[in-house]
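What you see is a predicted model, and the numbers here were worked out from it, not measured in a lab. Remember, it's 1-based here, ligands and their atoms both numbered in the order they're listed. In what follows, every heavy atom counts, from backbone to side chain, and hydrogens, waters and symmetry copies are set aside.
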Amino acid sequence: MNFKNVTVAGGGVLGSQIAFQTAFHGFHVSIYDIDDGAIDRAKDRIRKLQPRYERDLNASKEQTEAAIGRIRFSADLEEAADDADLVIEAVPEVAEIKTDFYNKLGEAAPEKTIFATNSSTMLPSRFAEATGRPEKFLALHFANEIWKNNTAEIMKHPGTDMDVFSDVIEFAKAIGMVALPIYKEQPGYILNSLLVPFLEAAQKLLVREVSDVETIDKTWMVATGAPLGPFAILDIVGIRTAYNIGQAKADATGSEEYKKMAEFLKNEYIDKGKLGRETGEGFYTYPDPAFLKEDFLK
Ligand code: NAD
């Protein structure tokens, strides 16, 4: 892997974090976004990340300023990608927007450039043709707050070249990530393939009135030694996200159980402003949730 220049397409929530993280580790970064207004918002996001790196990673002002100094911005795709070794796409999670973007990028980027999608829910094979270079395309999926939650799931599609796969794994390590190779396409990658069914199982136990929030969490924590139970995790994920997933499954499958789960989350939590940690209350009340109390596991 001898990447030097990385282009991040889309300077939104994740794009700005990917750009900062990459520049922080010494790469030259360009951020591409659609127009001057979007570029201004991306610049603002980058500035707001600076104190987070200083506080959470103990980075010095010199280090964060140097990182920002390695980032340039452009609303012209050809200019943004002019010497890119890698383009990381973090445009909105809308299939038509991504397809249209890859059609343009395939034309604008030099032949050497590898493309990676950060999509959370769409498989890379869906866009492989649109890139015009399926062998140089794969998924590179980060988590929100990348500097702390430093997983990088690197997922091939059937046409990805093995050398490209290895190079992107090396790159992920070079920007401080724990690189997690995924050899076959899998919706939800590894993390959500484990987490989503786990969190759903907990919600089913609750909605069926098999047991209560604290007992379900306590069971998991005592039996496995895990620091958090499923409802404590749901408070971090956000109850609105859990509701959206349940509602989408209810719509797609017509399942009464998913419908009941979604309604329960809406009536008991969302409508009461209990969205999880972000609002200070969800299944637990913060900053002193019951599961952190000394006698919780007794
Ligand atoms: P966002 O809405 O915050 O940012 C999207 C950015 O793309 C905006 O800056 C927007 O101006 C720009 N954009 C819109 N149309 C564009 C186009 N045609 N070309 C280039 N840029 C365009 O979205 P986000 O939360 O950063 O998500 C981006 C991608 O990252 C999605 O695929 C999402 O699934 C993935 N992701 C998000 C998270 C998360 O927690 N937010 C976590 C992991 C992965």
Side-chain angles (χ1 to χ4, degrees), residues 6-22 29-49 52 71-81 84 87-109 115-127 130-131 137-155 172 175 177-178 180 182 186-193 195-196 233-234 236-242 244-245 248 275-278:
V6 177
T7 300
V8 178
V13 174
L14 252 282
S16 57
Q17 295 181 16
I18 297 165
F20 203 109
Q21 182 74 16
T22 303
V29 176
S30 64
I31 295 183
Y32 164 73
D33 213 310
I34 34 172
D35 54 30
D36 291 345
I39 292 287
D40 284 344
R41 289 191 292 279
K43 284 182 179 165
D44 192 45
R45 286 198 182 90
I46 291 291
R47 275 291 161 201
K48 287 194 173 126
L49 285 169
R52 309 289 306 270
I71 303 176
R72 63 186 171 100
F73 298 82
S74 176
D76 177 327
L77 186 54
E78 215 160 302
E79 183 188 292
V87 173
I88 304 172
E89 171 268 309
V91 310
E93 194 71 348
V94 177
E96 300 75 58
I97 296 182
K98 290 199 193 281
T99 304
D100 180 56
F101 171 75
Y102 282 117
N103 278 323
K104 290 187 181 132
L105 180 66
E107 297 290 316
F115 303 164
T117 179
N118 181 46
S119 172
S120 294
T121 63
M122 297 172 196
L123 295 173
S125 55
R126 185 161 181 178
F127 307 109
T131 66
F137 178 58
L138 76 181
L140 170 57
H141 182 239
F142 298 99
N144 194 16
E145 308 211 331
I146 177 173
W147 63 95
K148 291 193 293 185
N149 305 328
N150 62 333
T151 55
E153 295 179 292
I154 300 117
M155 185 166 78
I175 61 164
M177 297 289 113
V178 176
L180 307 163
I182 303 181
Q186 168 68 28
Y189 301 85
I190 293 174
L191 179 60
N192 283 333
S193 297
L195 193 57
V196 173
I233 296 175
L234 275 165
I236 297 173
V237 170
I239 294 175
R240 195 174 267 144
T241 301
N244 288 337
I245 295 173
L275 301 184
R277 282 212 174 173
E278 61 171 312

Worksheet item: By ring-ring contact (aromatic ring centres under 6.0 Å, His included), which residues pair with F127, not counting sequence neighbours?
Response: Y102
Discussion item. Checking D40 now: which residues fulfil salt bridge (charged side-chain N to carboxylate O under 4.0 Å, His left out) with it, not counting sequence neighbours?
Written reply: none
Go through ligand 1 atom by atom and flag the ones less than 4.0 Å from a non-hydrogen atom of [X].
| X | answer |
| --- | --- |
| N144 | 40 (O) |
| A38 | 11 (O) |
| G11 | 9 (O) |
| N118 | 30 (O), 35 (C), 36 (N), 44 (C) |
| K98 | 31 (C), 32 (O) |
| F142 | 42 (C), 43 (C), 44 (C) |

Nearest protein heavy-atom contact for [atom]: which residue, which atom, what distance?
| atom | result |
| --- | --- |
| atom 25 (O) of ligand 1 | V13 CB, 3.8 Å |
| atom 15 (N) of ligand 1 | P92 CD, 3.7 Å |
| atom 31 (C) of ligand 1 | E93 OE1, 3.3 Å |
| atom 41 (N) of ligand 1 | L14 CD2, 3.6 Å |

Please state whether [X] comes within less than 4.0 angstrom of ligand 1, counting heavy atoms only.
| X | result |
| --- | --- |
| H141 | yes |
| A90 | yes |
| M122 | no |

Assess the side chains of [X] and [Y]: does a donor N or O sit below 3.5 Å from an acceptor N or O?
| X | Y | answer |
| --- | --- | --- |
| T121 | E93 | yes |
| S30 | S74 | no |
| E89 | N118 | no |
| S119 | H141 | no |

Would you verify that at least one protein heavy atom lies under 4.0 Å from [atom], or report that none does?
| atom | value |
| --- | --- |
| atom 2 (O) of ligand 1 | no |
| atom 36 (N) of ligand 1 | yes |
| atom 27 (O) of ligand 1 | no |

Worksheet item: Hey, mind stepping through V29 and R72 against side chain to side chain contact (heavy atoms under 4.5 Å, CB included) and telling me if it holds?
Response: CA-CA 6 Å; V29 176; R72 63 186 171 100; over 6 Å; no
Item to complete: Indicate yes or no: at least one non-hydrogen side-chain atom of T151 is less than 4.5 angstrom from one of L191.
Response: no
Item to complete: Please tell me if the side chains of L138 and I154 come closer than 4.5 Å, counting only heavy atoms from C-beta onward.
Response: yes
Is ligand 1 under 4.0 Å from a heavy atom in the side chain of [X], in the backbone, in both, or in neither?
| X | answer |
| --- | --- |
| Y32 | side chain |
| I97 | side chain |
| S120 | both |

Response to the item:
All heavy atoms of D36 vs all of A75, minimum pair found to be OD1-CB, 4.4 Å
Discussion item. How close do D33 and G12 get, counting heavy atoms only, and between which atoms?
Written reply: OD2-N, 4.3 Å
Pick whichever of [options] has a heavy atom sitting closest to [atom].
| atom | options | answer |
| --- | --- | --- |
| atom 20 (C) of ligand 1 | V94, L105, V91 | V91 |
| atom 6 (C) of ligand 1 | G12, G15, G37 | G12 |
| atom 17 (C) of ligand 1 | I88, V8, I34 | I34 |

I'd like to check whether [X] has a polar contact with ligand 1, where a contact means an N/O of the residue lying under 3.5 Å from an N/O of the ligand.
| X | answer |
| --- | --- |
| A9 | no |
| R45 | no |
| R41 | no |
| D33 | yes |

Worksheet entry | Polar side-chain atom of Q21 near backbone of I175 as donor-acceptor pair, under 3.5 Å | yes
Discussion item. Using the rule given for side chain to side chain contact (heavy atoms under 4.5 Å, CB included), can you reason through R45 versus F20, listing the C-alpha separation, both sets of side-chain angles and the distance that settles it, and then say yes or no?
Written reply: CA-CA 10 Å; R45 286 198 182 90; F20 203 109; over 6 Å; no
Discussion item. I'd like to know if K104 pairs up with E107 as an ion pair, taking the criterion as any Lys NZ or Arg NE/NH1/NH2 lying under 4.0 Å from an Asp or Glu carboxylate oxygen.
Written reply: no
Worksheet item: Step by step, would you call R52 with E145 a salt bridge (charged side-chain N to carboxylate O under 4.0 Å, His left out)?
Response: CA-CA 10 Å; R52 309 289 306 270; E145 308 211 331; 3.4 Å; yes
